[in-house]
Enquirer: 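Structure provided below as structure tokens; questions to follow.
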Amino acid sequence: MKIRMVNEGVFTPVEDIQTTLTAPAEGFYWIDADLEDLAELQPLFSLHDLAVEDCLTEEEQRPKIEIYESHYFIVVNSIRFDDEEIFMRALNIFLGRHFIITVTKQKINELRAIKPLLWEEEVGTPDKFLYILIDLVTDNYFTVGDRIEVRIEQLEEDILMRTKKSHLNEIVGLRSEILWLKRVLGPQKDVIHTLNKKDLRLIDDQLQKYFSDIYENAVKISEIFETYRDLMGNLREAYQSSIAIRANETMSIFTVITTIFMPLTVITGIYGMNFDFMPELHWKYSYYVVLGVMVFVGFGMYYLFRKKEWL
């Protein structure tokens, strides 16, 4: 657990957690905690039992905001895209009058990236900290969306150049993750909309209006992922079409080969008969003539197929 007193973007480490129970003359306290620290923090800050239980549960948390007497409990999902797989990580936030507590199961990049922004914006209130943090989380969806778009373009190019069976697994897997993201974005938009519209005493009225900009970005992200979902459907159709085209091309080649060899089979069948009276069998050059005819017929049919663009 790391405790910092933040005033005008300047961080001051705090060793004694009892100090955070009293509001500082200026600034606020940011407590960056792990799940194990909740046992100590809950009685000190009167954190609601249900909120603490939500933090500790193993189940995936739905983004939400719960308003209690002394604090707000907010859950938003941070997103990562590593090794072609999308990860969602719950960010639990307790917002008080003079403190903000962030609780996570894993490390979240936005908590590291927020420090220079606090300095730049000269942040001195926990609600402004909350605004910048949720803005960072939302903006990161655009970054992940760009990477997903690049992956979709690569898949499209690979499918057009050379279709593989593995492409279908990638399409199905990526489409499932995009649909999963859309389900998460719905309640996350609702949380941001609540922060923008609802009368919340722990958030300054002037600052609350800025959440509308984050909400607009959340709507854009939802629309972008809706587009990606449609693109994945188109990719699946392109994959199936490509497989069908390749199968048709293969069958065409086999058909042409079979067709070319049919007259040659007829010729060899005729001269393979065991009749005694076949003048050509006793001619000195008959073997070479028959071979020449067979070569001429084979190449003649090949030329005809190429001219008609059947090959």
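Positions are given from 1, in the same order as the sequence printed here.
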Enquirer: Distance from Cys55 atom SG to Leu41 atom CG, nearest 0.5 Å?
Expert: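 CG of Leu41 is found 10.0 Å from SG of Cys55.
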Enquirer: Taking only residues two or more places apart in sequence, or in another chain, which ones meet Glu8 in a side chain to side chain donor-acceptor pair (under 3.5 Å)?
Expert: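 Applying side chain to side chain donor-acceptor pair (under 3.5 Å) to Glu8 gives none.
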Enquirer: Let me check something: do Leu38 and Tyr72 share a hydrophobic cluster, defined by ILVMFWY side-chain heavy atoms less than 4.5 Å apart, either directly or through other members?
Expert: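 In one cluster with Leu38: Tyr72, no.
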Enquirer: Could you measure the distance from the CD atom of Glu216 to the CD1 atom of Ile221? Nearest 0.5 Å is fine.
Expert: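 It comes to 12.0 Å.
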Enquirer: Does some side-chain heavy atom of Ile93 sit less than 4.5 Å from a side-chain heavy atom of Ile101?
Expert: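 Ile101 does not reach Ile93 side chain to side chain.
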Enquirer: Gln42: what forms a side chain to side chain donor-acceptor pair (under 3.5 Å) with it, not counting sequence neighbours?
Expert: Asp49
Enquirer: For the side chain of Asp37 and the backbone of Asp34, is there at least one donor-acceptor N/O pair under 3.5 Å apart?
Expert: yes
Enquirer: Do Lys105 and Leu35 touch side chain to side chain, with heavy atoms closer than 4.5 Å?
Expert: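 A side-chain contact exists here, since the closest heavy-atom pair is under 4.5 Å.
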Enquirer: Anything under 30° is parallel, anything over 60° is perpendicular, the rest tilted; go ahead and classify Phe225 against Tyr228.
Expert: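 If you compare the ring of Phe225 with that of Tyr228, the planes turn out perpendicular.
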Enquirer: Name all residues meeting the side-chain contact (heavy atoms from CB on, under 4.5 Å) criterion together with Trp119; count only those two or more places apart in sequence or in a different chain, and write none if there are none.
Expert: Val10
Enquirer: Describe, in one word, how the ring planes of His98 and Tyr29 are oriented to each other, choosing from parallel (under 30°), tilted (30 to 60°) and perpendicular (over 60°).
Expert: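 Ring orientation of His98 relative to Tyr29: perpendicular.
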Enquirer: Which residues pass the side-chain contact (heavy atoms from CB on, under 4.5 Å) test with His193, not counting sequence neighbours?
Expert: Lys197, Tyr215
Enquirer: Rounded to the nearest 0.5 Å, how far apart are CD1 of Ile152 and CD of Glu149?
Expert: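 Result: 7.0 Å between the selected atoms.
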Enquirer: Hey, quick one: are Phe28 and Val103 part of the same hydrophobic cluster, counting side-chain heavy atoms closer than 4.5 Å, chains of contacts allowed?
Expert: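 In one cluster with Phe28: Val103, no.
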Enquirer: Determine, using the 4.5 Å side-chain heavy-atom cutoff (strictly less than), whether Phe99 and Leu21 are members of one ILVMFWY cluster.
Expert: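 Yes, Phe99 connects to Leu21 through the hydrophobic network.
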Enquirer: Nearest 0.5 Å please: distance from the CD atom of Glu122 over to the CG atom of Leu117.
Expert: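 Output value for this atom pair is 13.0 Å.
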Enquirer: Specify whether Phe129 and Trp30 have parallel, tilted or perpendicular ring planes, treating 30° as the upper limit for parallel and 60° as the lower limit for perpendicular.
Expert: tilted
Enquirer: Determine, using ring centers only, whether Phe73 and Phe94 are less than 6.0 Å apart.
Expert: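 Yes - the distance between ring centres of Phe94 and Phe73 falls below the 6.0 Å cut-off.
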Enquirer: With sequence neighbours excluded, what pairs up with Arg229 under the salt bridge (Lys or Arg N to Asp or Glu O under 4.0 Å) test?
Expert: Glu226
Enquirer: Taking atom OH of Tyr68 as the centre, does the number of heavy atoms from other residues, nucleotides or ligands within less than 6.0 Å exceed 12?
Expert: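 Atom OH in Tyr68 is crowded, with more than 12 foreign heavy atoms closer than 6.0 Å.
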Enquirer: Quick check for you: to the nearest 0.5 Å, what is the distance between Lys107 atom NZ and Ser78 atom OG?
Expert: 13.5 Å
Enquirer: Using salt bridge (Lys or Arg N to Asp or Glu O under 4.0 Å) as the criterion, list what pairs up with Asp54, not counting sequence neighbours.
Expert: Lys64
Enquirer: Taking side chain as C-beta onward, heavy atoms only, is Asp213 less than 4.5 Å from Asn217?
Expert: yes
Enquirer: Please report the C-alpha distance between Glu110 and Leu91 in whole Å, then the side-chain angles of each, then the deciding distance to 0.1 Å, and finally whether the side-chain contact (heavy atoms from CB on, under 4.5 Å) criterion is met.
Expert: CA-CA 10 Å; Glu110 287 84 350; Leu91 173 56; 5.7 Å; no
Enquirer: Atom CZ in Arg62, atom CG in Asp190: separation rounded to 0.5 Å?
Expert: 7.0 Å
